[in-house]
Every structure is written in C-alpha cells, then in structure tokens.
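Right, one structure below, let's go through it.
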Amino acid sequence: MSDLHEPVLGWYDAHARDLPWRDPSASAWSVTVSEFMLQQTPVARVLPVHAAWLERWPTPAALASEPAGEAVRAWGRLGYPRRALRLHAAAVAITERHGGEVPAGYDDLRALPGIGDYTAAAIAVFAHTRRHAVLDTNVRRVLTRLLGARELPPTAVTVGERARATALLPDEDATAATWSVALMELGALVCTAARPRCGECPVADACAWRLAGYPAYDGPPRRVQTYDGTDRQCRGRLLAVLRDAPGQVSRARLDAAWPGAEQRERCLRSLLEDGLVIRTSENTYALP
DNA sequence: CAGCCGTGGGA
DNA sequence: TTCCCAAGGCT
C-alpha cells in the first residue's frame, strides 16, 4: 500500500462532487453516456444533457432504436457532435454484439466506436469496478507533478507513465476504482492546470514538483486552437440550423447561416461525409 | 502523429 | 476583452 493512497482516498471521501454517474445506483449505460459527453466538455454543461438523455434513452437498446439524427439533436450544444453519432453507433453495437449490456472488458469496450484508451478504461473501472489504470488529462497531470517533478505531462501517454500508474493501483478492485476517480477529482479541483491549490492538496508534502520549486513547463509549445472563422465554427453554424429545425431545411436557410460560399460548401460536404447531415432532396437537408 | 473536430464560461 | 481552456478520439 503506497503511502499516497490513504491521504488521497480520504480527501476524495470528504471533497468529491456528488455527480449522478457516480451514484452507486448509476447504470453502466449512465456511466458510458457521461464518459462520451465529458470528452472535452466541462461537467457543468454535461449535467443537464446527461439527465435528459438518460430519461429519454434509459438503455443502449432504446437509443439504438432511433435514428442517429435524434442523438445529434439531443446532443444540443455540447460540442464535437460526431461524439453523438459515435455514441449512437456504440449503442447499436452494444445491442447487436453484447445483448444490450455495456461490456465490462477493456478490449470489448475499446472496440466500440468513439471509445479510445481513456474511455474504455473509465467504463471498465467506474461502471464495472475493474482494476485498470485510467489515464485522463487530470490523472496524467497529477502523477506528472507528484512523481515526475514536472508541471505538465508529455503530449502522448508514454510507457513509463502507464507503468507508474499501474504500479500505483491499490490491490483491491473497488479500492483501485476509487483511487482512479480520486486522482481525477484531485486534478479537476485542486491540482489544476493553472493555479494549482497546493494548500488544499492532501499529498502536497510528497509532491516532487512542489519540492523541486515548481519548475516551469519546458516541453514543446502547446498550440492554442483558433476558432473564429474556422471550418469548425462554420460546421457548427450549419449543424445548429439543422438541429433547431423540426424536419428538413432548405438550402437557402443553410446559405444564410454562413457568409463565405466556398467555405460553406466545403463544410456542408464534410458534414455529409461525416454522416452528421443527409441530403433529402435536390435542395433540402436534414439530420440523419 | 500532428492536426482536426464545437462550445461557452472563467480569469 | 481576450485568452485558455474541459474526463478524447480518429486519421
């Protein structure tokens, strides 16, 4: 038992947020939906959409029985709407290949659309209490500071990071699961990317980064993605028109949503290629 | 594998 | 106001 376990688990017990997908009664499907929605979207914005989603589609089969466009519409403004498409596709696969039950094994989960290393581990651990390292951006930042004496982790997960995270897992499955969610929560609430609250950290005394005097990040520059005027913004505008309309939308309505014709054409084409939009007639479009 | 894929809120 | 994100995945 690492001497980090007790203080971190104790801190989590006292300070963890009461989130619906963490409730003991939460289904594996609820956890799955939350993990898709939380991919790059803050908790506060996920909460209401997650509740509405579970109310409408309490099981994977319920979602799978509806057109993918309904998932895109219900996704609302969470961003990255391809996630809605992938969640719908995952529901279909779960229904067809796993009898409607969210699989518990990492490999089965990893094979589902929209589920990468992080999400497969998260569902296996948080929904099925499996013992597996969960390496999200929060956990990576916490462990990098605590053990690596650096401010931020490298761009991609390294074998060393994974080995350290795995070696640090408590022996018991349930304790390991709580440990993983506790590290995530610590990263989200205390060991934040900017302005870490070391005064509130249960393992500040053991933190290699703090003990080294908080050396500044020295890796490759981390690019800030621009947004205004990009294809992402244009796609967002076009899709918002489709989402907010009950049925089909005329080409003119879409044209009015973005000024640049060339960029608008490119983006509409890419939305069609992604399957987020379908053409319903010569001059009308709709959600799939 | 670096770049692309949305969005709205906090500092 | 402007900047910087926030529980990734895919190609």
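Please read all numbers here as calculations on a predicted model, not as lab measurements. Atom set for the values below is all heavy atoms of this structure, side chains included, hydrogens, waters and symmetry mates excluded. The sequence lines fix the lettering, A, B, ..., with proteins before strands; numbering per chain opens at 1.
- A/L239 comes within 4.0 angstrom of no nucleic acid atom, judged by non-hydrogen atoms across all strands.
- Only the P atoms considered, B/dC5 is 23 Å distant from B/dG9, to the nearest whole Å.
- Of all nucleotides listed (B/dC4, B/dA11, B/dT7), B/dT7 comes nearest to the side chain of A/R77.
- Contact of the A/P60 side chain with the A/T32 side chain is not registered, since no non-hydrogen atoms from C-beta on lie closer than 4.5 Å.
- Looking at heavy-atom distances under 4.0 Å, A/A193 makes contact with sugar-phosphate atoms alone, never a base.
- Counting non-hydrogen atoms under 4.0 angstrom, A/R243 reaches the backbone sugars and phosphates but no base.
- Phosphate contact (OP1/OP2 of B/dG6, side-chain N/O of A/R235, threshold under 4.0 Å): present.
- At the heavy-atom level, A/W75 lies nowhere under 4.0 Å from the strands shown.
- Where A/R141 and A/G114 each meet DNA chain C at their nearest nucleotide, the meeting point lying more 5' is that of A/R141.
- Remark: A/R86 CZ to A/D274 CG distance equals 8.5 Å, nearest 0.5 Å.
- As judged by a 4.0 angstrom heavy-atom cut-off over every strand, A/R140 is placed among residues making no nucleic acid contact.
- C/dC3 and B/dG6 have their P atoms separated by 22 Å, given to the nearest Å.
- A/G79 comes within 4.0 angstrom of a nucleotide base, judged by non-hydrogen atoms across all strands.
- Between A/W21 and A/L47 there is a side-chain heavy-atom pair separated by less than 4.5 Å.
- Remark: A/Q40, A/T41, A/R45 in residues 31-61 of chain A come within less than 4.0 Å of DNA chain B through at least one heavy atom.
- A straight line from CG of A/D244 to P of B/dT7 spans 10 Å, rounded to a whole angstrom.
- Side-chain contact check for A/E35 and A/Y118: at least one donor-acceptor pair (N or O, by modelled atom type) lies under 3.5 Å.
- Atom CG in A/D228 sits roughly 14 Å away from atom P in B/dC5 (whole-Å rounding).
- To the nearest angstrom, P of B/dT7 lies 10 Å from CZ of A/R83.
- Mapping heavy-atom proximity under 4.0 Å, the span of DNA chain C touched by chain A runs 5' to 3' from C/dC4 to C/dC10.
- With C1' as the reference atom, B/dG8 and C/dC10 are 24 Å apart, rounded to whole Å.
- A salt bridge (charged side-chain N to carboxylate O under 4.0 Å, His left out) with A/D117 is found for exactly one of A/R140, A/R110, A/R162, namely A/R162.
- Counting heavy atoms from C-beta on, the side chains of A/V249 and A/T284 never come closer than 4.5 Å.
- When the P atom of B/dG6 is taken as reference, atom CG of A/L242 falls 13 Å away, rounded to whole Å.
- Ranked by how close their nearest DNA chain B nucleotide is to the 5' end, A/R195 and A/S270 are led by A/S270.
- At B/dT7, one or more side-chain N or O atoms of A/Y227 fall inside 4.0 Å of OP1 or OP2 (strictly under the cut-off).
- Taking the six-membered ring where tryptophan is involved, the planes of A/W53 and A/W75 are perpendicular, since the angle between them exceeds 60° and thus also 30°.
- Residue contacts shown for A/L238 are absent, as no nucleic acid heavy atom lies under 4.0 Å away.
- With contacts defined as side-chain heavy-atom distances shorter than 4.5 Å, the pair A/W29/A/I123 does not qualify.
- The closest side-chain heavy-atom distance from A/L146 to A/W209 is not below 4.5 Å.
- Contacts of A/D117 with the nucleic acid, taken as non-hydrogen atoms under 4.0 Å apart, involve only primed sugar atoms and P, OP1 or OP2.
- Under the side-chain contact (heavy atoms from CB on, under 4.5 Å) rule, A/Y285 has a single partner from A/L271, A/L238, A/I278, A/L254, which is A/L254.
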